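Heads up, the thing below is written out as C-alpha cells.
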Amino acid sequence: MRISRDKVDICRARKKKSVAELAATYGVSRARMNAILNQREVSVVSAGRLADALECDVTEILED
C-alpha cells in the first residue's frame, strides 16, 4: 500500500502529534518512524497500525 506523507502530516496536525509522539504510539523509534513515512510503500498491517496511531481511518492516509 502507498501512504501519502502529506496526508499523514495533515492527520498529525489535526491530532497535534509530533513524529516522536506518533512513533511512541506506534511503538518504534523516531528514526524508524521517519523511515516508515519516507518509504511510502508499506504493508497492509503497517498502514493499519499507522492509522490506529493517528486515530484516523486508513483511507485518510493512502495515496489517491
Side-chain angles (χ1 to χ4, degrees):
M1 300 189 98
R2 287 188 166 269
I3 60 169
S4 168
R5 178 70 187 252
D6 290 337
K7 290 181 179 182
V8 168
D9 288 344
I10 290 168
C11 288
R12 277 192 323 106
R14 207 179 305 139
K15 296 295 180 177
K16 299 175 184 84
K17 282 190 173 189
S18 67
V19 173
E21 292 168 329
L22 177 60
T25 305
Y26 187 91
V28 296
S29 69
R30 184 185 52 77
R32 179 65 185 132
M33 179 53 63
N34 276 323
I36 290 168
L37 295 174
N38 289 332
Q39 74 187 41
R40 295 171 37 120
E41 190 74 33
V42 297
S43 70
V44 174
V45 173
S46 292
R49 285 183 62 201
L50 186 56
D52 285 347
L54 288 166
E55 301 172 10
C56 69
D57 191 75
V58 72
T59 58
E60 291 183 60
I61 60 172
L62 296 179
E63 276 192 356
D64 294 327

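What you see is a predicted model; the values in this text were computed from it and never measured.
Across all non-hydrogen atoms, the minimal contact from L22 to A53 is CD1-CB, 3.6 Å. In this structure, I61 and A47 approach most closely via the heavy-atom pair CD1-O, 3.9 Å. When all heavy atoms of I36 and I3 are compared, the pair lying nearest together is O-CD1, 4.1 Å.
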Distance-only check: which donor-acceptor pairs under 3.5 Å involve side-chain atoms of residues 24-31, not counting sequence neighbours?
from	atom 1	to	atom 2	distance (Å)
T25	OG1	K17	NZ	3.4
T25	OG1	E21	O	3.0
S29	OG	R32	N	3.1

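Applying the side chain to side chain contact (heavy atoms under 4.5 Å, CB included) criterion to D52, with sequence neighbours excluded, gives no partner residue. When the side chain to side chain contact (heavy atoms under 4.5 Å, CB included) test is applied to D64, the partners found at least two apart in sequence or on another chain are K7. Under the side chain to side chain contact (heavy atoms under 4.5 Å, CB included) criterion, V44 pairs with M1, sequence neighbours left out. For D6, there are no side chain to side chain donor-acceptor pair (under 3.5 Å) partners at least two apart in sequence or on another chain. With sequence neighbours left out, D57 forms a salt bridge (Lys or Arg N to Asp or Glu O under 4.0 Å) with no residue at all. Take R12 and apply the salt bridge (Lys or Arg N to Asp or Glu O under 4.0 Å) test, not counting sequence neighbours, and it matches D9. Taking E60 as the reference, R14 meet the side chain to side chain donor-acceptor pair (under 3.5 Å) condition, with sequence neighbours excluded.
Transitive grouping of hydrophobic side chains (ILVMFWY, heavy atoms separated by less than 4.5 Å) keeps I10 and L50 in distinct clusters.
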